[in-house]
Amino acid sequence: LEAYLNSNLDKDLSKDSIPSLYHLLADDLESNRNFQKAYEILKTISRLYPDYHKISEINRRVGSFEFNSNSESFPAMYEE
């Protein structure tokens, strides 16, 4: 999937096609307990596709990765 995404970034696709595929990839990585890579993919979606129709979910998940129960402040994603 990553190879497909990288090879089709310049194609004429709907605006949610690429972030949706990245979202599926992040879900799969997370279900396989590859949390660091899933976090990186979610940050990529958040940064590159702010108009993605599920951006609220993506930002919430990024924030949950960044949240530490010992933190004294909330992650930046929650400061909107």
Side-chain angles (χ1 to χ4, degrees):
L1 182 57
E2 282 184 278
Y4 175 81
L5 288 169
N6 290 331
S7 68
N8 286 287
L9 289 176
D10 296 330
K11 303 283 186 199
D12 187 26
L13 302 170
S14 74
K15 71 175 189 165
D16 277 351
S17 296
I18 299 297
S20 293
L21 291 172
Y22 274 123
H23 192 167
L24 290 172
L25 177 59
D27 290 345
D28 186 58
L29 289 165
E30 199 167 359
S31 70
N32 287 307
R33 307 189 60 78
N34 190 343
F35 299 115
Q36 184 60 38
K37 185 70 174 172
Y39 171 62
E40 291 170 14
I41 296 292
L42 292 168
K43 284 194 324 186
T44 298
I45 297 169
S46 182
R47 187 180 72 252
L48 297 179
Y49 304 98
D51 295 329
Y52 176 47
H53 75 280
K54 291 188 176 184
I55 199 64
S56 295
E57 176 189 344
I58 299 301
N59 289 338
R60 179 191 57 78
R61 288 173 65 187
V62 168
S64 70
F65 276 108
E66 293 175 350
F67 183 74
N68 180 335
S69 61
N70 296 325
S71 296
E72 294 183 12
S73 63
F74 287 109
M77 286 294 169
Y78 291 128
E79 294 180 2
E80 288 186 4

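Given the structure is predicted, the values throughout are model-derived calculations rather than measurements. Heads up: numbering here begins at 1 and tracks the sequence.
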Asks: Find the distance between CD1 (Ile55) and NE2 (His23) and round it off to the nearest 0.5 Å.
Replies: 9.5 Å

Asks: Excluding sequence neighbours, so at least two apart, what forms side-chain hydrogen bond (donor to acceptor under 3.5 Å, both in side chains) with Asn34?
Replies: none

Asks: What are the two closest non-hydrogen atoms of Ala26 and Ala38, and how far apart are they?
Replies: O-CB, 3.7 Å

Asks: With salt bridge (Lys or Arg N to Asp or Glu O under 4.0 Å) as the rule and sequence neighbours excluded, what pairs involving residues 19-28 come up?
Replies: Asp27-Arg61

Asks: Keeping the roles fixed (side chain from Ser20, backbone from Asp16), state whether a donor-acceptor pair exists under 3.5 Å.
Replies: yes

Asks: Roughly how far, to the nearest 0.5 Å, is the NZ atom of Lys43 from the CD1 atom of Ile45?
Replies: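 One finds 12.5 Å between CD1 of Ile45 and NZ of Lys43.
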
Asks: Quick one: side chain to side chain contact (heavy atoms under 4.5 Å, CB included) partners of Lys15, sequence neighbours excluded?
Replies: Asp51

Asks: Which class fits the ring pair Phe35 and Phe65: parallel under 30°, tilted 30 to 60°, perpendicular over 60°?
Replies: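 Ring orientation of Phe35 relative to Phe65: tilted.
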
Asks: Say you draw a straight line from OG of Ser46 to OH of Tyr22; how long is it, rounded to the nearest 0.5 Å?
Replies: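 Spacing of OG (Ser46) from OH (Tyr22) equals 14.0 Å.
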
Asks: What distance do Leu25 atom CG and Ile41 atom CD1 have between them, rounded to the nearest 0.5 Å?
Replies: 4.5 Å

Asks: Can you tell me how far OG1 of Thr44 sits from OH of Tyr49, rounded to the nearest 0.5 angstrom?
Replies: 9.0 Å

